[in-house]
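Below: one structure in structure tokens.
Scope of the values below: all heavy atoms of this structure, side chains included, with no hydrogens, waters or symmetry mates.
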Amino acid sequence: MKFDTVQQGISLYENYARVSDFDTRLYSTKKSKSDGKISLKYCVCNKEGFRETPRLQSNCKKKRPIARMGCNARITLKQINDQDNYIIFSFYEGHTHPLTTPNSAHHTKQSRNLTLAHKKYIMDNSRANIGATKSYRLMKEHVGGYQNMQHL
């Protein structure tokens with residue numbers, strides 16, 4: 001496939017990820033030395049790679065679960081020579097982890113966006129000195145759970 005900008009290629013992969021039930025993140029960019037334009041752009045599964053060894057700190061309050069599992073799913077966009085267009089240079093589809101289930105799909109990055117109704121509700125509550133977190137939790141109770149939040 002051919003794209004006019006890198007962002008169009010990234011959007012395509014993010015839409016593919018949404019349909020396939022996994023999250024993505026931008027990984028790396030390589031720029032050409034001559035003109036500074038992006039020559040390669042990598043977009044990977046959010047579980048790509050492995051977490052660095054944890055630093056031992058005495059003030060660490062909360063241990064985070066391991067999220068990275070060495071997944072190899074990725075897309076590489078490459079600039080076509082002498083043009084401002086990009087092509088899919090490589091695409092690897094295989095995941096080394098189970099994909100998101102419908103019951104936990106509301107935890108994905110794409111589902112964590114506030115709609116205009118959510119924002120208005122939080123702003124109205126802030127006028128009554130109710131914080132954003134408490135407003136969000138209150139709204140969750142009104143609609144019957146986090147899984148119903150995106151349907152408002």
Side-chain angles (χ1 to χ4, degrees), residues 1-55 62 64-127 131-133 135-140 142-152:
M1 293 183 79
K2 190 175 180 181
F3 305 101
D4 293 332
T5 64
V6 173
Q7 188 57 40
Q8 288 177 346
I10 292 169
S11 296
L12 173 89
Y13 192 63
E14 288 174 347
N15 290 335
Y16 167 75
R18 184 178 301 114
V19 171
S20 300
D21 296 326
F22 70 95
D23 275 338
T24 63
R25 64 184 169 89
L26 298 178
Y27 180 65
S28 179
T29 303
K30 292 186 181 179
K31 295 183 178 182
S32 65
K33 293 181 181 179
S34 61
D35 58 1
K37 291 185 179 179
I38 296 173
S39 59
L40 282 173
K41 183 71 175 179
Y42 299 92
C43 188
V44 298
C45 175
N46 70 330
K47 296 184 184 243
E48 184 271 341
F50 294 98
R51 185 171 62 177
E52 297 175 5
T53 56
R55 298 183 184 120
K62 184 178 178 182
R64 295 183 183 191
I66 296 173
R68 297 198 183 174
M69 301 180 173
C71 184
N72 293 322
R74 71 174 56 215
I75 190 172
T76 306
L77 300 169
K78 183 178 180 180
Q79 183 180 22
I80 301 172
N81 292 338
D82 301 329
Q83 295 180 15
D84 289 335
N85 297 330
Y86 294 86
I87 59 168
I88 296 176
F89 181 67
S90 69
F91 174 73
Y92 185 75
E93 188 175 7
H95 292 270
T96 59
H97 56 90
L99 298 177
T100 308
T101 62
N103 291 338
S104 62
H106 60 277
H107 294 294
T108 61
K109 181 172 59 174
Q110 292 89 2
S111 300
R112 288 183 279 166
N113 295 326
L114 291 176
T115 64
L116 187 59
H118 293 141
K119 291 176 185 177
K120 183 175 179 345
Y121 184 82
I122 290 171
M123 288 301 295
D124 291 344
N125 283 340
S126 70
R127 290 187 193 104
T133 303
S135 295
Y136 192 77
R137 290 180 182 156
L138 182 63
M139 188 172 19
K140 178 212 38 143
H142 283 294
V143 299
Y146 288 116
Q147 64 273 12
N148 299 328
M149 292 292 284
Q150 60 190 354
H151 302 296
L152 287 178

Next item on the list: Starting from the C-alpha separation in whole Å, work towards a yes-or-no answer on side chain to side chain contact (heavy atoms under 4.5 Å, CB included) for I87 and M1.
Entry: CA-CA 6 Å; I87 59 168; M1 293 183 79; over 6 Å; no

Margin query: Can you confirm whether E48 sits close enough to Y42 that some side-chain heavy atom of one is under 4.5 Å from a side-chain heavy atom of the other?
Written below: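 When only atoms from C-beta onward are counted, Y42 and E48 do not touch, as no gap falls below 4.5 Å.
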
Margin query: I'd like to check I80 versus K2 (side-chain heavy atoms, cut-off strictly below 4.5 Å). Are they in contact?
Written below: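 SC-SC contact between I80 and K2 confirmed.
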
Check: What distance do H118 atom NE2 and S135 atom OG have between them, rounded to the nearest 0.5 Å?
Finding: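 Going from NE2 on H118 over to OG on S135, the span is 12.0 Å.
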
Notebook entry, point to check: Would you say Y121 has more than 12 foreign heavy atoms packed within less than 6.0 Å of its OH?
Noted result: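 Counting neighbours around OH of Y121, more than 12 heavy atoms of other residues, nucleotides or ligands fall under 6.0 Å, so yes.
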
Margin query: What's the separation between atom CD1 in I75 and atom CD1 in I10, rounded to the nearest 0.5 Å?
Written below: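 So the CD1 of I75 and the CD1 of I10 are separated by 9.0 Å.
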
Next item on the list: To the nearest 0.5 Å, tell me how far I122 CD1 sits from L138 CG.
Entry: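 The CG atom of L138 is 10.5 Å from CD1 of I122, to the nearest 0.5 Å.
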
Next item on the list: Determine, stepwise, if the pair Q7 / Y86 fulfils side-chain hydrogen bond (donor to acceptor under 3.5 Å, both in side chains).
Entry: CA-CA 10 Å; Q7 188 57 40; Y86 294 86; over 6 Å; no

Next item on the list: Taking all heavy atoms of I38 and all of Q79, pick out the closest pair and write down the distance.
Entry: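 What the structure gives for the nearest pair is O-OE1, 3.4 Å.
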
Next item on the list: Compare every heavy atom of Y92 with every heavy atom of N72, then report the nearest pair and how far apart it is.
Entry: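 Heavy-atom minimum between the residues: O-CD2, 3.1 Å.
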
Notebook entry, point to check: Tell me, do I88 and Y13 make a side-chain contact under 4.5 Å, heavy atoms counted?
Noted result: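 They are not in contact (no side-chain heavy atoms under 4.5 Å apart), so the answer is no.
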
Notebook entry, point to check: Does Y27 OH have over 12 foreign heavy atoms under 6.0 Å away?
Noted result: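 For Y27, atom OH is not crowded (no more than 12 foreign heavy atoms under 6.0 Å).
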
Item checked: Residue pairs passing the salt bridge (Lys or Arg N to Asp or Glu O under 4.0 Å) test where at least one lies in residues 27-40, sequence neighbours excluded ->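 Sorted pair list: K37-D84.
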
Margin query: Can a donor-acceptor pair be found, under 3.5 Å and without considering hydrogens, that links the side chain of S20 to the backbone of A17?
Written below: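 No.
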
Check: Under 4.5 Å between any side-chain heavy atoms of L40 and T29, yes or no?
Finding: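 Not in contact.
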
Margin query: Testing the basics here: between T96 and C71, what is the closest heavy-atom pair and its distance to 0.1 Å?
Written below: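 Distance-wise, the nearest heavy atoms are OG1-CA, 3.2 Å.
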
Notebook entry, point to check: With a distance cut-off below 6.0 Å to the six-membered ring centre and an angular limit of 45° from the axis, does R74 pair with F91 as a cation-pi contact?
Noted result: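 So R74 doesn't make the cation-pi contact.
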
Check: Going by heavy atoms in the side chains, are H97 and C45 under 4.5 Å from each other?
Finding: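 Yes. Closest side-chain heavy atoms under 4.5 Å.
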
Check: With a cut-off of 6.0 Å (strictly less than), are more than 12 heavy atoms of other residues, nucleotides or ligands near NZ of K140?
Finding: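 Enclosed: over 12 neighbouring heavy atoms sit under 6.0 Å from NZ of K140.
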
Next item on the list: For residues R25 and N46, report the shortest heavy-atom separation together with the two atoms involved.
Entry: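 What the structure gives for the nearest pair is NE-O, 3.6 Å.
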
Note to self: Working to the nearest 0.5 angstrom, can you tell me the gap between L77 CG and N85 CG?
What the structure shows: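 If we round to the nearest 0.5 Å, L77:CG and N85:CG are 12.0 Å apart.
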
Next item on the list: Could you pull out the closest heavy-atom pair between H95 and A73, with the gap in Å?
Entry: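 Scanning both residues completely, I find the closest heavy atoms to be CE1-CB, 3.3 Å.
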
Check: To the nearest 0.5 Å, what is the distance between CD (E14) and CG (D23)?
Finding: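 Result: 9.5 Å between the selected atoms.
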
